[in-house]
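One structure is given here, and the rest of the page talks about it.
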Amino acid sequence: MTAVFPNLIDGAPASVAAVMPNLNPSDFRDVVGEYAVATAADVDAAVSSAKRALPGWAQTNAADRSEILDRIGSEIVARSAELAEMLAREEGKTLKEARAEALRAGHLFKFFAGEAYRASAEILPSVRDGVDLSVVRESLGVVGLLTPWNFPIAIPAWKIAPALAFGNAVVFKPSELAPGTAWMLADIVVRSGLPKGAFNLVMGGGEVGAAIVAHRDVAGVSFTGSTKVGKSIGHALFERGARMQLEMGGKNPLIVLDDAPLDVAVDCAVQGSYMSAGQRCTASSRLIVASGIHDAFVAAVARRMGELRIGDARDPSVDIGPVVSAAQLANCESYISIGATEGARLVAGGRRETDRPNGYFLQPTLFAESRNDMTINRDEIFGPIAAVIRVKDYDEALAVANDTDQGLSSGIVTRDERVIRHFRMHAEAGMVQVNLPTAGMDFHAPFTGRKNSAYGPAEKGACAREFFTVPKVVHSRRSFPIAAPIFPAQNRGP
């Protein structure tokens with residue numbers, strides 16, 4: 001019998017009105033479980049519970065908040081193998097990648113356990129005599145956290161952990177395509193010692209997210225997903241005056257110059273373009289290659305792609321698992337067709353894995369002789385598809401790299417330190433990678449983009465405070481003279 005997993009509201013399982021099946025993309029005959037679909041009443045109950053819990057949780061001292069977050073992080077780390085098994089089974093990420101993601105989530109909670117202690121007030125000198133001036137930071141309030149399916153434990157962790165560290169109450173909605181890992185994380189959080197209602201889980205599709213976004217008692221929403229959906233959420237939040245943090249799409253370039261070590265360039269391209277089946281917002285989908293190294297690079301990447309093993313994500317020998325769903329597979333196939341129609345040359349891959357008919361497997365795909373104005377180089381595809389764009393030199397490469405509406409991650413492979421310094425200053429992206437894949441970030445560093453890739457304060461690291469707290473400026477007239485010191489100056493201690 002298939003297990004049913006309820007929403008978690010007010011510290012307890014909620015009644016289940018409807019469920020959705022969670023299918024294994026490596027073998028869609030395998031039903032991982034049935035997960036509750038929240039109703040509008042469930043969302044209202046979750047927000048109301050968070051609102052009741054907020055005053056007490058916001059006033060909880062830093063030591064208690066830190067201890068709870070560290071406890072959550074420790075359980076995630078201890079259960080990382082179990083969490084990785086679920087993640088690989090429901091989302092299609094290989095076991096190695098899934099284990100790394102689970103550990104990353106645990107370390108994120110431990111990092112923010114430390115951030116809970118950091119000072120939340122600043123004393124400034126007033127320009128007026130007899131006036132004290134301070135800036136204090138208070139929790140934002142009830143926050144809605146909407147997360148995608150491609151990193152179903154890491155991205156929730158980097159939203160939930162700072163939200164709780166800074167005294168907010170949380171209503172969390174994971175993607176309906178990967179609710180299993182999120183449910184396991186939510187269960188850990190609920191059992192951590194938090195006050196009842198400080199954290200709530202509601203599952204379902206877009207209508208559940210829309211109900212959170214529209215709720216008048218949700219002070220702000222942190223969203224990660226597509227640019228189209230993010231902009232829609234942003235409009236709705238602006239209309240009712242709520243705060244927003246929107247991390248959206250990427251069309252990330254990797255520049256390879258003539259002096260690049262070929263093995264490093266190939267490794268960066270293959271890792272950045274095809275691991276996690278290319279389903280990363282920081283994936284290298286545009287490979288911008290100087291003409292002197294172009295032919296050798298394309299041939300070497302194609303050879304490396306031929307060595308990659310595709311198969312069930314839970315097989316430890318597999319390099320690339322499936323894409324997440326039938327719809328995602330069909331979307332990828334449509335872009336492969338568009339690329340060929342627009343004149344790009346298909347070098348490798350481009351076909352569904354027909355010998356695995358019960359999974360959503362797509363061969364990693366490489367196009368060459370593409371142009372930056374082609375659809376495959378403008379739209380975020382979110383699959384194992386990359387296109388090579390030939391350029392004559394660094395100046396043209398930089399211009400092509402920056403010629404996009406997105407600005408998430410940008411990379412370069414070169415030995416030239418002068419070029420590296422220039423690229424770091426002039427790449428129009430929130431994150432820059434030098435001689436590294438465009439995908440792959442340290443857990444304690446900020447995550448941010450420019451242009452249509454992000455709106456609002458950056459996520460993760462010390463930047464997380466900017467969204468999850470609000471400043472309050474306090475001016476205070478001193479109504480009585482400052483008392484004389486208890487001890488004369490010459491008798492004071494060190």
Side-chain angles (χ1 to χ4, degrees), residues 1-24 30-54 56-57 60 68-69 71-76 78-79 82-83 85-87 89-91 102 105-106 109 142-147 149 152-153 155-157 159-161 163-164 168-213 215 217-218:
M1 183 176 179
T2 304
V4 175
F5 297 86
N7 295 304
L8 302 174
I9 299 173
D10 203 36
S15 60
V16 178
V19 297
M20 54 186 174
N22 183 13
L23 304 181
N24 177 355
D30 174 27
V31 180
V32 179
E34 293 187 331
Y35 291 79
V37 177
T39 64
D42 289 328
V43 172
D44 188 63
V47 175
S48 296
S49 174
K51 185 178 180 181
R52 289 192 301 270
L54 176 65
W57 177 241
T60 301
I68 288 171
L69 290 171
R71 190 179 303 136
I72 294 169
S74 294
E75 183 169 349
I76 292 170
R79 297 175 60 191
E82 178 188 357
L83 288 160
E85 177 76 15
M86 170 60 83
L87 200 165
R89 184 182 176 198
E90 73 165 351
E91 193 263 341
F109 274 95
V142 175
V143 293
L145 309 180
L146 312 181
T147 63
W149 48 263
I153 189 167
I155 293 178
K159 294 180 189 291
I160 296 167
L164 295 176
N168 298 277
V170 170
V171 178
F172 166 47
K173 191 206 88 69
S175 169
E176 67 274 23
L177 291 178
T181 315
W183 195 94
M184 292 175 69
L185 171 62
D187 177 62
I188 292 170
V189 174
V190 168
R191 292 186 291 97
S192 65
L194 279 172
K196 184 174 65 172
F199 174 88
N200 303 271
L201 169 73
V202 288
M203 298 177 289
E207 68 285 351
V208 179
I212 293 171
V213 169
H215 203 291
D217 290 329
V218 174

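All values below were derived from every heavy atom in this structure, side-chain atoms included, with hydrogens, water molecules and symmetry-related copies excluded. The structure displayed is predicted, hence computed values, not measured ones.
Ile9 CD1 to Ser15 OG: the interatomic distance, rounded to the nearest 0.5 Å, is 8.0 Å. Between atom CG of residue Asn24 and atom CE of residue Met86 there is a gap of 10.0 Å, rounded to the nearest 0.5 Å. Separating the CG atom in Leu8 from the CG atom in Asn200 is a distance of 8.5 Å, to the nearest 0.5 Å. Put simply, CD1 on Ile160 and CG on Leu145 are 6.0 Å apart, with the number rounded to the nearest 0.5 Å. From Arg52, atom CZ reaches atom CG of Asp217 across 11.0 Å, with rounding to the nearest 0.5 Å. The distance from the CG atom of Asp187 to the CD atom of Glu75 is 7.5 Å, given to the nearest 0.5 Å.
Contact of the Pro152 side chain with the Leu87 side chain is registered, since non-hydrogen atoms from C-beta on lie closer than 4.5 Å. By the 4.5 Å heavy-atom criterion applied to side chains, Leu23 and Val31 are counted as neighbours. Contact check for Arg191 versus Ile188: side-chain heavy atoms found under the 4.5 Å cut-off. Side-chain atoms of Met184 and Ile153, non-hydrogen and from C-beta on, never get closer than 4.5 Å to each other. In this structure the side chain of Ile76 reaches within 4.5 angstrom of the side chain of Leu185, judged on heavy atoms.
When Val16, Asp42, Val19, Leu201 are each tested for a side chain to side chain contact (heavy atoms under 4.5 Å, CB included) with Pro6, only one passes: Val16. A side chain to side chain contact (heavy atoms under 4.5 Å, CB included) with Ile212 holds for exactly one of Val202, Val47, Val142; it is Val202.
The side chain to side chain contact (heavy atoms under 4.5 Å, CB included) check on Val37 picks up Ala18, Met20, Glu207, with sequence neighbours excluded. In terms of the ring-ring contact (aromatic ring centres under 6.0 Å, His included) criterion, Trp57 has no residue partners (sequence neighbours excluded).
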side-chain contact (heavy atoms from CB on, under 4.5 Å) evaluation trace for Val218 with Val213
CA-CA 7 Å; Val218 174; Val213 169; over 6 Å; no
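A pairwise comparison of heavy atoms in Val190 and Gly11 identifies CG1-O, 3.9 Å as the closest pair. Looking at every heavy atom in both residues, Ala53 comes nearest to Gly197 through CB-C, 3.5 Å. Summarising the geometry of Ala198 relative to Leu164, their closest heavy-atom pair is O-CD2, 4.0 Å, with the distance given to 0.1 Å. Residues Val170 and Ala163 approach most closely at CG2-CB, 3.7 Å, considering heavy atoms. For the pair Thr60 and Gly56, the tightest heavy-atom approach, listed with the atom from each and the gap, is OG1-O, 3.0 Å. Of all non-hydrogen atoms in Met203 and Phe5, the two that sit nearest each other are CE-O, 3.5 Å.
Taking the six-membered ring where tryptophan is involved, the planes of Phe172 and Phe199 are tilted, since the angle between them lies from 30° to 60°.
In this structure, Glu85 does not pair ionically with Arg89, as no charged nitrogen and carboxylate oxygen lie closer than 4.0 Å.
Under a 3.5 Å cut-off, the side chain of Lys173 and the backbone N or O of Gly144 do not form any donor-acceptor pair. Without hydrogens or angle criteria, Glu90 side chain to Thr181 main chain gives a donor-acceptor distance under 3.5 Å. With Ser192 contributing its side chain and Val189 its backbone, the two residues share a donor-acceptor pair below 3.5 Å.
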